[in-house]
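Throughout, protein chains are lettered first and strands after them, A, B, ... in sequence-line order, and every chain is numbered starting at 1.
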2 protein chains.
Amino acid sequence: MEQGRVATGDRGGRPAITSAHELAAVAQRLFVAHGFDETSVEDIATAAGISRRTFFRYFSVKADVCFADSPTELVRLQQALSAADPHESYRLVIVRAVVAALRFPPGEREWAWQRAQLVLEVPVLQAHATRIYAQWRKAAAEFARGRRPDDDVFPVVVGHAVLAGTLAAHEYWITHPASGLDDALVRMLDLLLPPEPPAP
Amino acid sequence: MEQGRVATGDRGGRPAITSAHELAAVAQRLFVAHGFDETSVEDIATAAGISRRTFFRYFSVKADVCFADSPTELVRLQQALSAADPHESYRLVIVRAVVAALRFPPGEREWAWQRAQLVLEVPVLQAHATRIYAQWRKAAAEFARGRRPDDDVFPVVVGHAVLAGTLAAHEYWITHPASGLDDALVRMLDLLLPPEPPAP
DNA sequence: CCATTTCTGACACACGGTGCCATAACCTGA
DNA sequence: TCAGGTTATGGCACCGTGTGTCAGAAATGG
């Protein structure tokens with residue numbers, strides 16, 4: 001894993017020649033134009049003006065370049081879940097948290113849609129996304145456990161329901177580009193989240 | 001993908017020196033003993049008395065060796081779904097189909113449990129499983145589309161609900177080995193499958 | 001015995017990913 | 001201006017996965 005930390009501390013030392021965000025942009029353009037599998041890391045590195053070895057210091061796995069924003073989204077989800085009013089319906093809290101976590105600036109809509117299409121349709125990316133999915137499931141499951149500490153089924157189900165709803169919404173969004181991701185998230189989660197279990 | 005067809009037709013030609021089932025058994029033993037990543041294809045091939053190249057004629061990807069039974073399970077799911085009474089509750093049909101698809105002989109319980117643990121806990125296998133998951137989602141979605149042809153949300157949701165329920169059940173089974181997979185499947189699917197939508 | 005069919009193993013190769021090390025580029029203090 | 005510390009970079013060697021190719025082994029039927 002190694003994962004050299006590039007551009008983390010900005011005191012002293014040689015300045016980074018590029019950035020993770022820049023690399024992600026270059027790579028996504030190449031993926032959309034020529035396909036993920038047809039684009040080698042060497043191609044990305046060359047297009048970005050760096051070496052193959054350096055690419056792996058920014059992203060330890062080729063597919064990671066498509067998930068540059070995922071850590072931020074996860075943090076937003078976790079914060080929205082833990083900051084929620086404990087007396088509010090758990091379903092409402094989750095829906096709001098997911099929508100907030102996945103919100104993006106209006107100008108990045110096309111960009112986000114392209115990325116979603118890549119992740120949902122390229123097998124390698126679909127596979128790699130399981131890492132992120134596991135984190136989302138865990139976050140949702142921990143929130144659910146906090147609501148019903150004595151129920152060992154509830155957290156598992158909520159974790160999978162959140163993931164299923166999020167994926168279903170993206171899938172709908174990809175096939176209905178004119179619709180809004182937010183609306184799809186609300187609809188799908190409403191259908192998939194189980195009803196609030198009886199109070200403990 | 002290539003995927004040379006070994007042991008498909010048994011008339012004429014040199015007989016296969018081993019079988020996919022045999023290879024799967026050898027590989028799973030090695031994976032459980034030493035770990036998936038720590039076991040190279042060379043190791044499996046040597047243990048099975050074949051060459052590395054020949055291994056990839058039985059399984060085009062190393063991880064595939066853990067999903068040798070998946071095609072059979074998928075067929076059982078599809079058959080159970082398409083053979084169902086059109087007037088019966090869609091939820092009941094799905095629950096019965098999933099349980100029937102994943103049923104295994106009593107003697108293979110330990111074997112199946114080990115395999116489930118590998119698939120759920122080894123990142124590479126978890127990632128590779130998305131291929132199988134996509135097939136299950138598709139099968140469930142097509143069934144749902146047959147029930148409500150004018151609803152373009154229902155199939156997506158049902159596909160993801162079936163997958164989420166199946167995964168949640170396996171996750172519960174892994175953490176509660178004494179329980180039965182069938183019971184977990186019934187519980188999880190019951191919580192995750194959305195209610196039957198109004199008749200068209 | 002020959003032709004056909006199918007499986008097998010050996011070789012070469014591309015690509016992803018990693019460890020190692022020398023070096024470039026910045027900053028600070030003398 | 002120079003020395004020393006810090007961080008990013010690039011080149012190299014290396015391993016494992018996966019694939020194309022091809023010669024040859026082992027069965028069948030005529």
Side-chain angles (χ1 to χ4, degrees), chain A residues 1-23 26-27 30-31 34-67 122-129 131, chain B residues 1-23 26-27 30-31 34-67 122-129 131:
Chain A
M1 186 60 87
E2 189 194 354
Q3 182 69 308
R5 72 213 100 36
V6 176
T8 52
D10 42 9
R11 56 178 174 213
R14 175 177 177 170
I17 210 173
T18 179
S19 68
H21 194 75
E22 176 66 23
L23 276 184
V26 170
L30 291 176
F31 293 160
H34 310 120
F36 180 85
D37 294 319
E38 291 71 23
T39 306
S40 69
V41 174
E42 184 71 44
D43 295 335
I44 304 171
T46 302
I50 60 172
S51 72
R52 199 176 73 96
R53 188 64 185 87
T54 296
F55 173 90
F56 286 110
R57 291 207 176 83
Y58 285 86
F59 299 99
S60 60
V61 178
K62 176 186 173 185
D64 258 343
V65 81
C66 292
F67 301 94
V122 176
V124 178
L125 293 178
Q126 207 171 341
H128 192 73
R131 298 192 186 184
Chain B
M1 186 60 87
E2 188 196 356
Q3 182 68 307
R5 73 215 101 37
V6 176
T8 51
D10 41 9
R11 54 175 174 218
R14 176 177 177 170
I17 209 173
T18 179
S19 68
H21 194 75
E22 176 66 23
L23 276 184
V26 170
L30 291 177
F31 292 161
H34 309 121
F36 180 86
D37 294 319
E38 290 71 24
T39 305
S40 70
V41 174
E42 185 71 43
D43 295 335
I44 305 171
T46 302
I50 60 172
S51 72
R52 199 176 73 95
R53 188 63 184 88
T54 296
F55 173 90
F56 285 110
R57 291 208 177 84
Y58 285 86
F59 299 100
S60 60
V61 177
K62 176 186 173 186
D64 258 343
V65 81
C66 292
F67 300 95
V122 176
V124 178
L125 294 178
Q126 206 171 343
H128 192 73
R131 298 191 186 184

Undergrad: Where the side chain of B:Val61 is concerned, which of C:dT18, D:dG18, D:dT19 is the nearest nucleotide?
TA: D:dG18
Undergrad: Could you tell me how far apart A:Ile44 (CD1) and C:dG16 (P) are, to the nearest whole angstrom?
TA: 8 Å
Undergrad: Rounded to the nearest 0.5 Å, how far does NZ of B:Lys62 lie from CZ of B:Phe31?
TA: 5.5 Å
Undergrad: Minimum heavy-atom separation for B:Phe55 to B:Val61, with atom names?
TA: CE2-O, 4.5 Å
Undergrad: To the nearest 0.5 Å, how far apart are CG in A:Leu23 and CD1 in A:Ile50?
TA: 4.5 Å
Undergrad: Show the distances under 3.5 angstrom between N or O atoms of the protein and N or O atoms of nucleotides 12-16 of chain D.
TA:
none

Undergrad: Mind checking side-chain contact (heavy atoms from CB on, under 4.5 Å) for B:Arg52 and listing every partner two or more places apart, or none if nothing turns up?
TA: B:Val41, B:Glu42, B:Phe56
Undergrad: Locate the shortest heavy-atom distance separating A:Ala47 from A:Leu30; write the atom from each residue and the value.
TA: CB-CD1, 4.0 Å
Undergrad: Could you check how far CG of A:Leu125 sits from C1' of C:dG16, rounded to whole Å?
TA: 14 Å
Undergrad: For residues A:Val124 and A:Asp37, report the shortest heavy-atom separation together with the two atoms involved.
TA: CG2-OD1, 3.6 Å
Undergrad: Taking side-chain contact (heavy atoms from CB on, under 4.5 Å) as the test, write out the residues that go with B:Ala20, two or more places apart.
TA: B:Tyr58, B:Phe59
Undergrad: Nearest to the side chain of B:Arg57 - C:dG9, C:dT18, D:dA8?
TA: C:dG9
Undergrad: Can you list the residues that meet the side-chain contact (heavy atoms from CB on, under 4.5 Å) rule with B:His21, with sequence neighbours excluded?
TA: B:Ser19
Undergrad: For nucleotides 24-27 of chain D, print each protein N/O atom paired with a nucleotide N/O atom at under 3.5 Å, atom names and distance only.
TA:
residue : atom : partner : partner atom : Å
D:dA25  : N3   : B:Arg14 : NH1          : 3.3

Undergrad: Would you please confirm or rule out a distance under 4.0 Å between OP1 or OP2 of D:dT9 and any side-chain N or O of A:Ser51?
TA: no
Undergrad: In terms of side-chain heavy atoms of A:Tyr58, which of C:dC7, D:dT19, D:dA8 is nearest?
TA: D:dA8
Undergrad: Whole angstroms only, please: what is the CZ-P distance between A:Phe56 and C:dC15?
TA: 12 Å
Undergrad: Rounded to whole angstrom units, what separation is found between the CG atom of B:Asp64 and the P atom of D:dT17?
TA: 14 Å
Undergrad: The criterion is side-chain contact (heavy atoms from CB on, under 4.5 Å); which residues satisfy it with B:Asp43, sequence neighbours excluded?
TA: B:Thr39, B:Ser40
